[in-house]
Amino acid sequence: MAAPEHRPSSREVLFMMTCLCDAFYADVAKAAVQVLEHAGCQVSVPPDQTCCGQPPFNGGDFEVSRKVARHTAAVFAGERPIIVPSGSCAAMHFHGNALQFEAQPDREGVDSLGKRTWEIFDFLVHGLGLMSWPGVLPPRRIAIHHSCHTRGTHTGGAIRTLLGSIEGVELIEFGQDEQCCGFGGTFSVSFPHISAGMGTLKLDHILDAKPDLLVSGDMSCLMHLNGLATKQGREIPHRHAVEILAESLDRA
Amino acid sequence: MASPLQPIDDYARTLAPETRAAVIKSAAFTSGQRIEVLRRDYEDPDALRKLARKIKQHTIDRLDHYLEQAESRLKAAGAQVHFATDGPSACRQVLKILQEHGVTRLVKSKSMATEEIHLNPFLEKHGIESIETDLGEFIVQIDDDHPSHIVRPIIHKNRRQVAESLERHGLGAYDDDPKTITRRARVHLREKYMQSGAGITGGNFVSAESGRMVLVTNEGNARFSMAPNKVHIAVIGIEKLVPRDRDLAVFLSLLARSATAQQITVYTQFINGPRSANQPSGPEHMHVVFLDNGRSQVLGGECREILRCIRCGACQNVCPVYRQASGHAYRAVYGGPIGAVLSPLIGDSISFSNYGDLPRASSLCGACREVCPVDIPIPDLLLKLRHGAKKAKLPSPGSPPMGPFADLATSPKLWRTSMTASRAMNYLPLQFAPVKPLRDWLDQRTLPKWRGGEFRRWLKQRPSPVEDQKKHA
């Protein structure tokens, strides 16, 4: 699910907070705004934004998810790049919408959405051309979980580039890292046992590598892994990758 | 009343830990080896699969042309060609051929097409003994089981269970040494080859240009099934064609690496018709049964890319859902990602309602697409099938209705209000909520603290609030 090749990379950007950050992870959205501003961006946050429409889309309920996508396309209309702290919502914009609007007469609006959307790390590195990030952090072994929706995109490499450039950060590997965390949105609701089995296996692999911190570009995976770990009495310190950039700025 | 759980999740819930461990171990090992061998042998493995994708897509786009070409080349080489619209018709045609040659015992090499049409039970009903000669399929047969993987039929069994099967079948006292297991099966099967009157195989590829058919095995059992027999019958899905002989180089390179992480299978057989002056050994009669069984319907539909599949099983190996649930969870002949697409689409008219739930058994993680040697966009096809199931109003237990969510997500004011109001959730005992899916979810997971609207408040309170927020305030 490759991201579009030519996307606008102006520093006047629209920020999409994602419903997950709206509801649970205010700190991630704050960090993303701070990071973008540090990179010289002028950030606008359209207040009428809600969700990318992925939950009904994944359920195959395209009639319903198209409604949400149309709303989002209207809220983010214009020319400016749209920056999202989630590879999953970004992929919905440039891949999912293309699929569900294939034969729709009004696909233009969502096409524009897809052509302007960047996952935030992809934007920082490939849109703005940043190759390193300033600051120093206390020595930490960090494991990166690449969310499935960033397969085939430049997000994974971009996260490694920026986090790896921060003094004090040691990126570590873990086993079967191509495997899914088991969340999959409504999948984890419809298939709770398989999903938990997948997540538990993922946790085993990550914890085996003994990281100080688990980092990802998608809070949904981290929410799922932490939700499982907590119930199992295991601890998995976790943060969105953009929070690491923000923290590094605080210490710069 | 629909069952409270998705059937595949329910199956996985009660799966024996030993079975799950066997599947995970073997599937994960092969997945790892697969990428290793591809990266070692090719600078850019992706370029090869993009080429394979092109060739296969080209072939299925002109399938009528290539089928005609293959038919005429096969006939020219002395083979007889039959077309079967569905499973029952294919079975009847095979039976007729066997009866014409007076065959009552036969040997078979591994073939998913014959699994698909349930050939063995059909032949048995008509008094014909059919012996599976692939070791995995042989175990499946003596256990009265079904293959749970398209390349490794008994991936769901460990060697102790295999040893028990042989013992039950009277092939010696329990011994789980793999060498002993293989030797015992071999001795048993050698005799069967000699007593048979026909060999039935599948077919991995057929070149339309030459009518040359390719069979790959690691045990040599396809060769053995043909060597002592007068009659060879190959049952082949119509999508197994490739345009030219030289295309086989691409597909043989990808098939073995993708399926079993081998550079090439141990036995690769090129069959150019029955025995003739140019081909002095082999069966005197060769029959090829091209099987449609819903494939031409698929060709005209929105999931046509699935016909590019070369049955390597790499998607099954890498699939985290398949690893947790095992192939039998899918109920159909084809399980895992390939099966979740194929099973609702092929066979008879009730396949879609029978297997319409299969496409839901995926987190849409996309690992299957990443490993597919012909780059089939499996997650996209799963989504299209989910949409089809939704339109057909098939039941989907545990899937919350999304209408109310969409109403909320298209009413920004209401959305913002509920973001803040839902903080009350933090004080509710959600594990007792009247929503079954939520209770099931929370049975094994916790939810983070609800902090709805906090980011929006932070934006407003900033010394230099961002522009749109200011406008809105």
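Naming: A, B, ... by sequence-line order, numbering from 1 per chain.
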Taking [options] one by one, which has the highest count of heavy-atom pairs under 4.5 Å against chain A?
options	result
B/Y11, B/W441, B/F405, B/W415	B/W415
B/A325, B/S399, B/S362, B/S422	B/S362
B/A329, B/G452, B/G366, B/P320	B/P320
B/R13, B/K391, B/R369, B/R423	B/R13
B/S418, B/P401, B/S363, B/A406	B/S363
B/G453, B/A12, B/A367	B/A367

Mind checking the [atom1]-[atom2] spacing from [X] to [Y]? Nearest 0.5 Å is all I need.
X	Y	atom1	atom2	answer
B/E454	A/C21	CD	SG	11.5 Å
B/L15	A/I194	CG	CD1	9.5 Å
B/Q324	A/T200	CD	OG1	8.0 Å
B/C365	A/Q179	SG	CD	7.0 Å
B/E302	A/L99	CD	CG	8.5 Å
A/H193	B/D443	NE2	CG	7.0 Å

What are the two closest heavy atoms between [X] and [Y], and how far apart are they?
X	Y	answer
B/R456	A/P47	NH1-O, 2.7 Å
B/A409	A/H71	O-CD2, 3.3 Å
B/D380	A/H95	OD1-NE2, 2.9 Å
B/A28	A/Q176	CB-NE2, 3.4 Å
A/V189	B/P400	CG1-CD, 4.2 Å
A/M17	B/F455	SD-CD2, 3.6 Å

What part of [X] gets within 4.5 angstrom of chain A, counting heavy atoms only: side chain, backbone, both, or neither?
X	result
B/E370	side chain
B/R20	neither
B/L385	neither

Are the side chains of [X] and [Y] in touch, meaning some heavy atoms are under 4.5 Å apart?
X	Y	result
B/T410	A/R70	no
A/S65	B/M402	no
B/R462	A/V33	yes
A/Q100	B/L383	no
B/L364	A/C148	no

Quick one: what part of [X] sits under 4.5 Å from any heavy atom of chain B, side chain, backbone, both or neither?
X	result
A/C181	neither
A/S195	both
A/L228	both
A/F57	both

| said: I'd like to know if the side chain of A/S190 and the backbone of B/G398 have a donor-acceptor N/O pair within less than 3.5 Å. | reply: yes
| message | Looking only at the side chains, is there a donor atom on one of B/R445 and A/S188 sitting less than 3.5 Å from an acceptor on the other? | response | no
Who among [options] has the most heavy-atom pairs with chain B under 4.5 Å?
options	value
A/G184, A/A29, A/A23	A/A23
A/P56, A/G185, A/G96	A/P56
A/M198, A/K30, A/E178	A/K30
A/A229, A/G152, A/A74, A/G197	A/G197

| field | N-O pairing of A/D61 and B/R386 below 4.0 Å | value | no
| message | Any carboxylate oxygen within less than 4.0 angstrom of a Lys/Arg side-chain nitrogen, looking at A/E63 and B/K390? | response | no
| task | Classify the ring geometry between A/F62 and B/H387 as parallel (under 30°), tilted (30 to 60°) or perpendicular (over 60°). | result | parallel
| task | Flag yes if more than 12 heavy atoms outside A/R234 fall under 6.0 Å of its CZ atom; otherwise flag no. | result | yes
| task | Please indicate whether B/K25 has more than 12 foreign heavy atoms, meaning atoms of other residues, nucleotides or ligands, lying under 6.0 Å from its NZ. | result | no
| A/T50 vs B/R416, side-chain contact (heavy atoms from CB on, under 4.5 Å): CA-CA, chis, key distance, verdict | CA-CA 8 Å; A/T50 54; B/R416 286 192 293 267; over 6 Å; no
